[in-house]
Q: 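Right, I'll just put the structure down here and ask away after.
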Amino acid sequence: VLSAGSRLPSSRVLAQDVGVSRGVVSRVYAQLAFEGYIVIRQGSVPTVRAISPVESIGVDREERTRLRYDLRAHLPEVSTFPRRLWLRSVRDSLGQAKDADLSYGDPAGLHELRAEIAKYLSRARGVTVAPEHVVITSGSTHSLSLIARALLRRGSRLMAFENPSHYLLREIAHAAGQEIVAVPVDGEGVIARFPARATAVVVSPAHQFPTGVTLSPERREDLLAWAAETGSLIIEDDYDAEFRYDRAAVGALQGLAPDRVVYMGSTGKTFVPALRLGWAVVPDDLRDDVLRELSLTVLQVSGMDQLAFADFLRRGEFDRHLRHMRDVYRKRRDVLVAALGRALPDMPVRGIAAGLHVVLEMPSHEIAESVRARALAAGVAFETTAQHTFSGYRGPAGLILGFGAVAEPGLEVAARVIARVTEEECAAEPAEESAA
Ligand SMILES: Cc1ncc(COP(=O)(O)O)c(C=O)c1O
């Protein structure tokens with residue numbers, strides 16, 4: 001009811017108004033602050049905290065009004081977006097831009113930005129790349145759409161996807177005219193067993209979506225051997241690998257086989273979704289077809305945003321932002337994993353080494369779905385593994401719990417809600433043969 005920023009009465013005034021002791025009001029305020037609703041600062045009255053607006057994918061309007069904690073895995077923290085530094089890059093880059101930069105440009109993207117991205121990828125992700133190989137896109141979803149269309153143009157019309165994998169990416173490939181086939185994933189990552197007709201596979205090796213598994217060294221070799229032997233392409237979705245917490249980030253596959261891997265990166269999770277900037281590193285023989293698809297759809301990605309992002313990268317601000325956010329997310333992950341471990345000690349939490357989500361394993365898909373629906377009714381949103389599986393999935397059931405967009409107090413509350421409904425559902429429905 002109260003809008004963000006509203007000032008609440010002091011504990012003394014409210015205590016008088018409602019006729020309770022001041023200690024009661026103080027405890028109520030402390031609890032509200034803990035749950036993330038209000039902000040208390042020494043020497044001033046409490047104010048109502050802004051709860052991040054929930055964007056609409058997968059949650060209807062009625063549900064949105066009840067939503068208090070949004071743990072859907074694709075959401076990063078946006079309140080930390082460095083607005084002032086970004087404005088400086090916008091102002092300075094536009095001030096210094098040549099007239100030609102404001103006209104139609106190279107469909108592959110601004111040369112300065114491609115050069116900055118190439119440097120960034122080699123220092124941060126072990127990706128071998130010259131600026132000429134980088135194509136600037138509007139994000140990984142856009143990159144994948146271009147790649148799927150380019151492959152079709154070359155007569156390649158069956159793409160393999162990890163099972164499970166993000167349903168949106170499969171829909172994009174399907175909409176581009178590709179047939180989709182499933183490849184299984186286990187605790188070591190994707191199993192490189194493909195039908196003969198499949199000439200491309202989409203994988204997320206650093207932090208598989210949604211299982212969170214890191215592709216093992218042996219499986220990396222299997223995958224690269226398959227691509228080399230059959231002349232197939234590996235499409236590497238490197239969507240959140242920058243956020244690895246317990247040791248240095250795993251290098252990208254692309255660095256091991258630049259001719260066989262198309263690499264997709266994005267600012268969607270690492271920076272801010274609204275910017276809609278991403279990049280693909282494309283082997284020589286696919287490049288012209290990808291650029292043709294890009295020209296036929298958007299002609300080129302916003303040149304002004306590219307100028308600003310090139311400036312931001314050149315100043316080292318992107319790297320600084322990533323370092324800061326890695327600390328923010330590490331703390332959130334630790335709080336969520338610890339809270340789940342305390343509340344549900346017998347339920348394994350997987351995929352915690354990297355990224356912005358973990359998977360809480362469930363005894364069955366039925367229980368996972370009931371927990372999801374009941375938690376949503378209680379104001380806690382997240383997805384389940386089953387929402388991302390397809391054709392003949394036989395792996396475990398789970399809840400995909402994102403911690404990107406919820407601060408620690410909210411994660412504690414969300415974990416308690418999840419634990420409560422999970423215990424009730426497990427008691428009501430004794431575990432069946434899991435998932436099979
Ligand atoms: C698995 C996966 N890949 C890629 C993306 C990024 O998409 P985009 O770069 O278009 O924002 C997401 C975003 O949620 C994702 O979950």
Side-chain angles (χ1 to χ4, degrees), residues 51-60 63-64 67-81 137-145 161-173 175 185 202-213 235-245 264-279 321-322 325-326 328-329 332-333 336 350-360 368 372 375-376 379-390 398-407 410-411 414 418:
I51 296 180
S52 41
V54 174
E55 48 73 63
S56 58
I57 313 173
V59 175
D60 70 24
E63 285 166 343
R64 233 178 302 154
L67 205 52
R68 284 159 47 206
Y69 304 108
D70 199 342
L71 277 69
R72 286 175 301 151
H74 63 283
L75 299 175
E77 181 59 70
V78 290
S79 70
T80 49
F81 178 69
T137 69
S138 292
S140 301
T141 41
H142 184 213
S143 298
L144 183 66
S145 173
F161 276 81
E162 294 167 310
N163 194 10
S165 57
H166 204 297
Y167 67 87
L168 183 60
L169 299 183
R170 298 198 304 270
E171 280 178 18
I172 287 168
V185 174
V202 179
V203 290
S204 39
H207 188 234
Q208 203 275 334
F209 188 89
T211 62
V213 169
I235 299 160
E236 179 171 23
D237 180 11
D238 204 35
Y239 66 104
D240 68 0
E242 279 88 347
F243 302 124
R244 184 157 184 109
Y245 305 113
M264 307 194 300
S266 175
T267 54
K269 295 217 175 186
T270 51
F271 194 34
V272 68
L275 182 58
R276 305 313 305 141
L277 266 186
W279 41 90
H321 181 71
L322 283 174
M325 292 313 294
R326 203 174 293 131
V328 169
Y329 292 140
R332 291 184 182 184
R333 178 203 63 163
L336 178 62
R350 312 262 186 223
I352 66 172
L356 303 186
H357 72 271
V358 298
V359 178
L360 178 65
R372 186 198 68 76
L376 184 61
V380 179
F382 50 81
E383 293 182 323
T384 63
T385 304
Q387 289 175 283
H388 295 279
T389 61
F390 64 120
L399 311 181
I400 306 168
L401 304 176
F403 49 83
V406 181
L411 291 171
I418 291 164

Q: With side chain to side chain contact (heavy atoms under 4.5 Å, CB included) as the test, would you mind laying out the steps for Leu336 and Val358 before giving the verdict?
A: CA-CA 9 Å; Leu336 178 62; Val358 298; 3.9 Å; yes

Q: Just jot down the salt bridge (charged side-chain N to carboxylate O under 4.0 Å, His left out) partners of Asp237, sequence neighbours excluded, or say none.
A: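 Asp237 satisfies salt bridge (charged side-chain N to carboxylate O under 4.0 Å, His left out) with no other residue.
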
Q: Are the side chain of Thr270 and the backbone of Ser266 linked by a donor-acceptor contact shorter than 3.5 Å?
A: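 Looks like yes, one N/O pair under 3.5 Å.
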
Q: Do Thr385 and Val359 come within less than 4.5 Å of each other through their side chains, counting heavy atoms only?
A: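 They are in side-chain contact.
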
Q: Applying side-chain hydrogen bond (donor to acceptor under 3.5 Å, both in side chains), name anything that partners His388, two or more places apart in sequence or on another chain.
A: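 Only Glu383 meet the side-chain hydrogen bond (donor to acceptor under 3.5 Å, both in side chains) criterion with His388.
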
Q: If you define the side chain from C-beta out and look only at heavy atoms, does anything of Thr141 sit under 4.5 Å from Leu169?
A: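 Thr141 vs Leu169: side chains touch.
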
Q: Is the closest side-chain heavy-atom distance between Pro76 and Leu356 below 4.5 Å?
A: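 They are in side-chain contact.
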
Q: Just by modelled atom types, is the Ser138 backbone N or O under 3.5 Å from a matching donor or acceptor in the Arg276 side chain?
A: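 Yes: the side chain of Arg276 pairs with the backbone of Ser138.
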
Q: Please report the closest heavy-atom contact between Tyr245 and Gly355, naming both atoms and the distance.
A: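 In this case the closest contact between Tyr245 and Gly355 is OH-O, 2.6 Å.
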
Q: Taking only residues two or more places apart in sequence or in another chain, which ones pass side-chain contact (heavy atoms from CB on, under 4.5 Å) with Val213?
A: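 Result, side-chain contact (heavy atoms from CB on, under 4.5 Å) vs Val213: Gln208, Thr211.
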
Q: Any side-chain heavy-atom pair from Val203 and Ile235 closer than 4.5 angstrom?
A: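 Answer no - side chains too far apart.
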
Q: Is a side-chain N or O of Glu236 found less than 3.5 angstrom from the main chain of Val202, in a donor-acceptor match?
A: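 A pair under 3.5 Å: no.
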
Q: So, do Leu144 and Met264 sit near enough that their side-chain heavy atoms are less than 4.5 Å apart?
A: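 Leu144 vs Met264: side chains touch.
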
Q: In this structure, is the centre-to-centre distance between the rings of Phe81 and Phe271 below 6.0 Å?
A: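 So the answer is yes for these two rings.
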
Q: For the pair Ser165 (side chain) and Phe161 (backbone), establish whether a donor and an acceptor sit closer than 3.5 Å, ignoring hydrogens and angles.
A: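 It does not hold such a pair.
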
Q: Between Lys269 and Glu242, does any side-chain N to carboxylate O distance fall below 4.0 Å?
A: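 Here Lys269 does not pair with Glu242 in a salt bridge, since their nearest N and O are not under 4.0 Å apart.
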
Q: Is the shortest heavy-atom distance from the side chain of His321 to the side chain of Thr80 under 4.5 Å?
A: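 They are in side-chain contact.
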
Q: Under 3.5 Å, is there a donor-acceptor pair linking the side chains of Glu77 and Ser79?
A: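 Checked: Glu77/Ser79 side chains pair up, N/O donor to acceptor below 3.5 Å.
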
Q: What closest approach, in Å, do Gly398 and Ala368 show between heavy atoms, and which atom pair accounts for it?
A: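 Where Gly398 meets Ala368 most closely, the heavy atoms are O-CB, 4.1 Å.
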
Q: How far apart are the closest heavy atoms of Thr267 and Leu277, and which atoms are they?
A: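 That closest heavy-atom pairing would be OG1-O, 2.6 Å.
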
Q: Keeping Arg332 on the side-chain end and Gly404 on the backbone end, is there a donor-acceptor pair under 3.5 Å?
A: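 Yes; judged by distance alone, with no hydrogens or angles, the pair exists.
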
Q: Got a donor-acceptor contact below 3.5 angstrom from the His142 side chain to the Thr137 backbone?
A: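 Not a single qualifying donor-acceptor pair exists.
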
Q: Both conditions, 6.0 Å and 45 degrees, for the charged tip of Arg170 above the ring of Phe390: are they met here?
A: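 Cation-pi check for Arg170 and Phe390: passes.
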
Q: What I'd like to find out is whether the side chain of Leu75 reaches to under 4.5 Å of the side chain of Asp70, using heavy atoms alone.
A: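 Yes, at least one pair of side-chain atoms sits under 4.5 Å.
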
Q: Within the side chain of Tyr329, is there an N or O that forms a donor-acceptor pair under 3.5 Å with the backbone of Arg244?
A: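 Not at all, since once roles are kept as given, no pair shorter than 3.5 Å links the two residues.
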
Q: So does Pro210 get a backbone contact from the side chain of His166, meaning a donor-acceptor N/O pair under 3.5 Å?
A: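 Not confirmed, His166 side chain does not pair with Pro210 backbone.
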
Q: What about the rings of Phe382 and His357, do their centers lie closer together than 6.0 Å?
A: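 Between His357 and Phe382, which both carry aromatic rings, the centre distance is not below 6.0 Å.
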
Q: Side chains of Leu71 and Phe403: closer than 4.5 Å at any heavy-atom pair?
A: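 No - every pair of side-chain heavy atoms lies 4.5 Å or more apart.
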
